[in-house]
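The structure under discussion appears below in the form of structure tokens.
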Amino acid sequence: MPKKGTLFVVTGPSGAGKGTVLKRVFSEMDGIYYSVSATTRAPREGETHGVEYLFITREEFLDLIKQDRLLEHAEYVGNFYGTPMDPVDAHLAAGEDVVLEIEIQGALNVKRKRPDAVLVFIAPPSYAELERRLRHRGTEDEATILRRTEAARRECANMDAFHYIVVNDTVDGAVHELKSIVTACRCRRENRGFVLE
Ligand code: 5GP
């Protein structure tokens, strides 16, 4: 029985600290592939094509949709984001876990298309703290911060669709919880590929 990889969908409002928590989890656990999304958003300072995202044009994005090469896609605050399908399936087939860090519409679409996916919501401790973190990051202007704060409220209203909720009060606590979820999924009988001889 081969070991099976799990598809994890990690969602949470901008400012909940998904990126920070995931970076720590990746550095502390082996065997997880981070799916690099395609986006039409402009790179932020320090972001590199092929690392954080594949930064592509709107035309290129529409082409990927036409060719059915995205597992899911969504428009978020004026830009397109999507998950290239082939790398996800290749890594799952190789027995690796795969993490998609995506927004709520995409997460709900993946849940429909891939019922085995495990959905994790990373929540901020409060809306006030979320807004404080968004401002502190200093990468967006006021109008974008307000739009992202509104989007955050809409996303949190859909928390019920998720299997797990990780509250990012402290990064250490959230990392511990997320690692525990991944570990628990790896211990599932059907994922283990374990035969007692
Ligand atoms: P940001 O612009 O801050 O990098 O990302 C904005 C939002 O888009 C975040 O919630 C992020 O998780 C989400 N996102 C990133 N990649 C994808 C993707 O491939 N599909 C979807 N649906 N959302 C994505």
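Each ligand, and each atom within it, is numbered from 1 in the order the structure gives.
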Tell me whether the NZ or CZ atom of R153 lies within the 45° cone about the ring axis of Y127 and under 6.0 Å from its centre. yes
With sequence neighbours left out, the residues meeting side chain to side chain contact (heavy atoms under 4.5 Å, CB included) with D86 are none
Apply the side-chain contact (heavy atoms from CB on, under 4.5 Å) test between E101 and each candidate in V21, L22, T11; give the one that qualifies. L22
Side chains of N79 and T39: any donor to acceptor distance under 3.5 Å? no
Under a 4.0 Å heavy-atom cut-off, what residues line ligand 1? K18, S37, R41, R44, Y53, E72, A74, Y76, Y81, G82, T83, E101, I102, E103, G106, R148
What is the ring orientation for F80 with F61, classed by angle as parallel under 30°, tilted 30 to 60°, or perpendicular over 60°? parallel
Decide ring pair (Phe, Tyr, Trp, His ring centres under 6.0 Å) for F26 and Y34; before the verdict, give the C-alpha distance in whole Å, the side-chain angles of both, and the deciding distance to 0.1 Å. CA-CA 8 Å; F26 292 132; Y34 176 80; 5.4 Å; yes
